[in-house]
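Note that the numbering runs from 1 along the sequence shown for the chain. Atoms considered below: every heavy atom in the structure, side chains included; atoms not considered: hydrogens, waters and symmetry mates.
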Amino acid sequence: MDSTLDRTLAALADPTRRRVVELLRKRSCRPSEIADRMALTRPALSRHLRVLRRAGIVSERIEEDDARARLYTLREQPFSELGDWLREVEAFWGDQLNAFKQHAERSPPRKRRR
């Protein structure tokens with residue numbers, strides 16, 4: 001596994017961070033809005049956002065009308081890479097099941113003992 005995927009999986013391993021991702025999936029939000037909607041303290045949310053930022057899952061930008069305000073948005077790339085990896089794993093298991101099916105269909109049926 002590459003380090004980007006490792007960071008993504010590690011960041012998403014926490015249920016609180018997955019809830020943040022769910023909120024941001026709908027639209028970009030200010031940290032205060034996320035904290036209020038999730039009933040988190042601002043310092044606790046800040047720690048979770050830092051992990052998500054370092055993993056490249058979210059991006060932060062300064063709002064034009066207020067230089068103190070930050071707006072968080074999901075980034076597409078980590079989820080695309082995660083989806084690609086999951087499709088590869090799924091294909092592996094699909095191939096394994098198909099090989100087993102072919103083997104089972106080639107094997108003559110066994111007689112049952114009584």
Side-chain angles (χ1 to χ4, degrees):
M1 238 186 299
D2 99 347
S3 62
T4 303
L5 183 58
D6 290 341
R7 283 192 304 272
T8 299
L9 290 170
L12 294 176
D14 184 276
T16 300
R17 289 192 284 272
R18 288 194 307 272
R19 285 181 50 218
V20 170
V21 167
E22 284 300 312
L23 283 174
L24 294 177
R25 222 181 63 182
K26 296 173 183 131
R27 64 181 178 83
S28 300
C29 296
R30 289 181 173 192
S32 59
E33 181 182 0
I34 298 168
D36 291 345
R37 292 184 67 190
M38 295 180 60
L40 287 173
T41 64
R42 305 265 190 296
L45 177 66
S46 179
R47 288 189 295 274
H48 288 293
L49 288 172
R50 185 173 36 252
V51 171
L52 292 170
R53 242 188 355 263
R54 287 181 179 164
I57 293 172
V58 298
S59 63
E60 170 190 56
R61 69 177 167 87
I62 298 172
E63 290 196 79
E64 292 176 16
D65 59 335
D66 185 354
R68 295 170 299 162
R70 307 272 189 244
L71 197 61
Y72 281 85
T73 305
L74 286 181
R75 294 185 64 241
E76 182 182 344
Q77 181 185 4
F79 295 100
S80 293
E81 291 174 5
L82 178 58
D84 291 345
W85 181 76
L86 288 171
R87 280 186 287 283
E88 288 174 18
V89 170
E90 183 179 38
F92 168 78
W93 286 111
D95 292 346
Q96 294 297 311
L97 289 172
N98 284 334
F100 177 73
K101 179 182 177 206
Q102 290 172 2
H103 171 73
E105 289 172 346
R106 280 193 310 261
S107 300
R110 293 183 175 178
K111 293 185 180 180
R112 293 176 68 179
R113 292 184 188 179
R114 292 186 183 200

Checklist entry - Side chains of R42 and S32: closer than 4.5 Å at any heavy-atom pair? => result yes
Next on the checklist: Has T8 got a side-chain atom pairing as donor or acceptor with T4's backbone, closer than 3.5 angstrom?
Outcome noted: yes
Item to check | For S28, all residues meeting side chain to side chain donor-acceptor pair (under 3.5 Å), sequence neighbours excluded | outcome: T73
Item to check | R53 and Y72 side chains, donor-acceptor separation under 3.5 Å | outcome: yes
Item to check | Donor-acceptor contact below 3.5 Å, side chain R75 vs main chain V58 | outcome: no
Checklist entry - Between K26, R25, R18, which is the residue that forms a salt bridge (charged side-chain N to carboxylate O under 4.0 Å, His left out) with E22? => result R25
Checklist entry - Partners of A69 by side chain to side chain contact (heavy atoms under 4.5 Å, CB included), sequence neighbours excluded? => result R30, E63, D66
Checklist entry - Among L52, V21, V20, whose side-chain contact (heavy atoms from CB on, under 4.5 Å) with L74 holds? => result V21
Checklist entry - Looking only at heavy atoms, which two atoms of E33 and C29 are closest? And how far apart? => result OE1-CB, 3.8 Å
Next on the checklist: Just so I know, are the side chains of I57 and L24 near enough to count as touching, which here means a heavy-atom distance under 4.5 Å?
Outcome noted: no
Checklist entry - Between R17 and A11, is there a donor-acceptor pair closer than 3.5 Å when you use the side chain of the first and the backbone of the second? => result yes
Item to check | Pairwise side-chain contact, L12 with F79, heavy-atom cut-off 4.5 Å (strictly under) | outcome: yes
Checklist entry - Same cluster for L23 and L49 if Ile/Leu/Val/Met/Phe/Trp/Tyr side chains link at under 4.5 Å? => result yes
Checklist entry - Taking the side chain as C-beta and beyond, is there a heavy-atom pair between R19 and P15 under 4.5 Å? => result no
